[in-house]
2 protein chains.
Amino acid sequence: MTTDLSALHRRHFLAGGTVAAFGLAGPASAQAPAAGSGEPAKALPSYVAWKDADAFVVHSNQTLETKRDRIGSGIVTPTDRLFIRNNVNPPSDAIVADRDAWRVEIAGVTQPRTLTLGELKRMGLTSVATVLQCSGNGRKYMQDSLQPGQKISGTPWTVGAAGCVIWTGVPLRAVVDALGGPVQGAKFVTGTGGEDLPAGLKPKDVMVERSVPLSTLDTVLLAWELNGEPIPLAHGGPLRMIVPGFSGVNNVKYVKAVALTEQETEAKIQATSYRMHGVGEKGAPGQPSIWEQPVRSWITAPLGAGASGSTVVTGVAFGGMNAVARVEVSADGGKTWVEAPLVGPDLGRYAWRLFALRMDLPAGSHLLASRATDAMGNVQPEDTPPNGGGYSYNGWRGPAVPFEAA
Amino acid sequence: MTTDLSALHRRHFLAGGTVAAFGLAGPASAQAPAAGSGEPAKALPSYVAWKDADAFVVHSNQTLETKRDRIGSGIVTPTDRLFIRNNVNPPSDAIVADRDAWRVEIAGVTQPRTLTLGELKRMGLTSVATVLQCSGNGRKYMQDSLQPGQKISGTPWTVGAAGCVIWTGVPLRAVVDALGGPVQGAKFVTGTGGEDLPAGLKPKDVMVERSVPLSTLDTVLLAWELNGEPIPLAHGGPLRMIVPGFSGVNNVKYVKAVALTEQETEAKIQATSYRMHGVGEKGAPGQPSIWEQPVRSWITAPLGAGASGSTVVTGVAFGGMNAVARVEVSADGGKTWVEAPLVGPDLGRYAWRLFALRMDLPAGSHLLASRATDAMGNVQPEDTPPNGGGYSYNGWRGPAVPFEAA
């Protein structure tokens, strides 16, 4: 099962500048290529000072990536290890001082109204487990595969801009029905975030307002709890719009308005950002929006180096809108595959599953990879062609990880 | 839907000495009857100083009950709000300084061996969500219904000696198979805790050693993670034997030996404690052991007092060894019942389910109750006859909770 690194994989590692770490780091210090091996940890920004500092690569004040070796095997990602990605700085924490007083305007219904969070809590309750994942998670693998002269901007996330968490709130459907149902012609659910917008810029250029298809009406939640606690400000409390199966940006934080609309919002973050287009091209409204997440998986252990012999290879797999049907694992960089058992609780179609495969790994270099298939038969490709925004990477090749067995 | 409190329920409240709180406390301060309303909070013992002090009623250093209004609606109980019940003081935290070095002796197999936790981690991995519940949870309801002269000793738990959590570890079956399988004649799985035993007492009188039927061999876990983190010392880390569906005492903490045995252990905690017998009688080996948990449920909100009108009544329900099939809710102390939807992720047969029912509650006094039915058709009884140890209460009457709608 010993294997050479493939040429493609070697390129990733050399491009990442972390080749020195390969084969030398022990399990405790093993990181994903972009996870900052060898770099001193940056301090956490003050608004997330309550998080576990050791669990993160701090790319910037608004982008914190969970280290690959801290994703763990507990299925539900502890909130203090959940990644952070903000498009605009979070508002003042004054908005979580009296949570039940938070107001959200509901429009595009027969009887539009502004409701407080306290009122929402009296209208219904449900709970859902979802993979919350930045649309650009895995962007680094695209950035590393570009031709000379090409460029993809954005945070070089590897696998850690994702977590599986439990949200509790009111079904949007219950709210809409209580207000007389959708207006005629509604085609989108449009949520508006409560960010304080920077002065001197056009609001449309910076506001966080996203539209998703009306087909989500029966799955969207207006959520006030994350993992059994009031949602922290850093994760969108007091109220967040959760669109199960859709990538992170669609889950609008501090949501202050929800409207059923005929058109998508004209906010830049919808109109031209988070669109699927070629490298070097500009985003435009006609292009596909970054909505549903594709099937994806990655290995979480072992990483780096360890003993040869019996080894439990673990990881996470999810299907976006669909449940995971199966996962295969390779220890030779994708030449041969073995089906890996899905283990532990199944938290529903929008959650990730844990997989765990016991393998006998002889001494030598191994390249561990995982490949998931969702319930619709979609299989992870070997690689995902780069796109201009570096969105929706779901290849199995990028997150393949070396393991040196001694 | 306005109702008088039933005579039985009134007796509970008067006996609990908390009748003054009824109808006066707002939702924020509303507690279960035994949850210490009006009493100043006791400080947390130092070994659990990391827990959320506001979430507990501290009965003693070894018995901390989660307040009913802090059970929440997140399905998975956050570890910092999970109840504590120890039979013996926890060992020194030196045992969690080097977790992988922890040793557990495996006996009653063809090739008995002592394994380190580090070795266990290379043998397999799975995960399970279980309701962890003290065998005496609900004992207060039995204590309150005794005849003059009768007595049941033990912590007066109401509903808060329980939580639903996720364990990760190796299946005991994988360990046993790797060591050649069970010896002939084995009938029990016997786990021994790593407590430091008090000097001057016979070890058999104080040791925590429990035997469960060998039929659990395919579900028992040797777990090192709780809710995605290494198990805290206070909850049995570095290694705990988890017996899904079985009451708390069977889930041996700091497990240092697991043996497949022909006989049950003769330790007092097995031989004469945790046995089902009449009030005033002594425990003895021939009586049923407190093993599988019966079907149970309780309301978690609303509690105390609040506005009339649309109200979401929530709670938790579990079936011990069986999944929950349905839950009914009553707002009139059990005269009429309405089926309540089960909401949110289903974490498997050993976990609890969340239920949530929107009701219109007119101004006045209501007595909220829930009644669960498991997949085998077992229904919660109205009350559970008292037994000598105050174990396995599962009536719907005891945890019925008043709600004053204004």
Side-chain angles (χ1 to χ4, degrees), chain A residues 52 70-81 118-130 163-171 174 178 224-230 301-302 306-307 309-314 341-348 350-351 353-358, chain B residues 52 70-81 118-130 163-171 174 178 224-230 301-302 306-307 309-314 341-348 350-351 353-358:
Chain A
D52 177 356
R70 295 302 304 281
I71 292 170
S73 46
I75 302 186
V76 176
T77 306
T79 307
D80 66 355
R81 301 203 314 245
E119 288 172 315
L120 289 178
K121 287 181 177 173
R122 302 170 63 91
M123 298 174 78
L125 184 137
T126 193
S127 183
V128 66
T130 72
C164 183
V165 293
I166 299 177
W167 306 97
T168 305
V170 62
W224 52 80
E225 270 194 16
L226 165 60
N227 289 348
E229 304 278 5
S310 180
T311 304
V312 180
V313 178
T314 61
L342 303 176
V343 298
D346 177 353
L347 276 59
Y350 306 113
R353 294 295 308 267
L354 196 62
F355 59 87
L357 176 67
R358 206 199 58 72
Chain B
D52 177 356
R70 295 302 303 282
I71 293 171
S73 46
I75 302 185
V76 177
T77 305
T79 307
D80 66 357
R81 301 202 314 244
E119 288 172 314
L120 289 178
K121 287 180 177 173
R122 301 169 65 91
M123 298 176 78
L125 184 137
T126 192
S127 183
V128 65
T130 73
C164 183
V165 293
I166 299 177
W167 307 97
T168 304
V170 62
W224 50 81
E225 271 194 14
L226 166 59
N227 289 347
E229 305 278 3
S310 180
T311 303
V312 180
V313 178
T314 60
L342 303 176
V343 299
D346 177 353
L347 276 60
Y350 306 113
R353 293 296 308 266
L354 197 61
F355 59 87
L357 175 67
R358 205 199 58 74

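No part of Ala301(A) comes within reach of chain B, as not one of its non-hydrogen atoms sits under 4.5 angstrom from that chain. For Ile75(B), the part lying near chain A is the side chain, with the backbone staying farther off; criterion is any non-hydrogen pair under 4.5 Å. Both the backbone and the side chain of Thr126(B) come within less than 4.5 Å of a heavy atom of chain A.
Shown here for Val312(B) and Leu125(A), the closest heavy-atom pair between the two residues is CG1-CB, 3.8 Å. For Ala129(A) against Pro345(B), the heavy-atom pair with the smallest separation is N-CG, 3.8 Å.
Note that the CG atom of Leu347(B) and the CD1 atom of Ile166(A) stand 6.0 Å from one another [nearest 0.5 Å].
A search for side-chain contact (heavy atoms from CB on, under 4.5 Å) contacts involving Glu225(B) returns Ser73(A), Thr168(B), not counting sequence neighbours. Listed by chain and number, the residues in a salt bridge (charged side-chain N to carboxylate O under 4.0 Å, His left out) with Arg122(B) amount to none (sequence neighbours excluded).
Between chain B and the residues Ser310(A), Pro302(A), Ala351(A), Ala356(A), the most heavy-atom pairs under 4.5 angstrom are made by Ser310(A). Ranking Pro341(B), Ser127(B), Pro78(B), Gly344(B) against chain A, the residue ahead of the rest is Ser127(B), based on heavy-atom pairs under 4.5 Å. In terms of heavy-atom pairs under 4.5 angstrom with chain B, the leader among Gly228(A), Gly348(A), Gly72(A) is Gly228(A).
Put simply, the side chain of Arg358(B) never gets that close to the backbone of Ala174(A): no donor and acceptor are under 3.5 Å apart.
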Audit row: Glu229(A), Asp80(B), side chain to side chain contact (heavy atoms under 4.5 Å, CB included) steps and yes/no: CA-CA 11 Å; Glu229(A) 304 278 5; Asp80(B) 66 357; 3.9 Å; yes
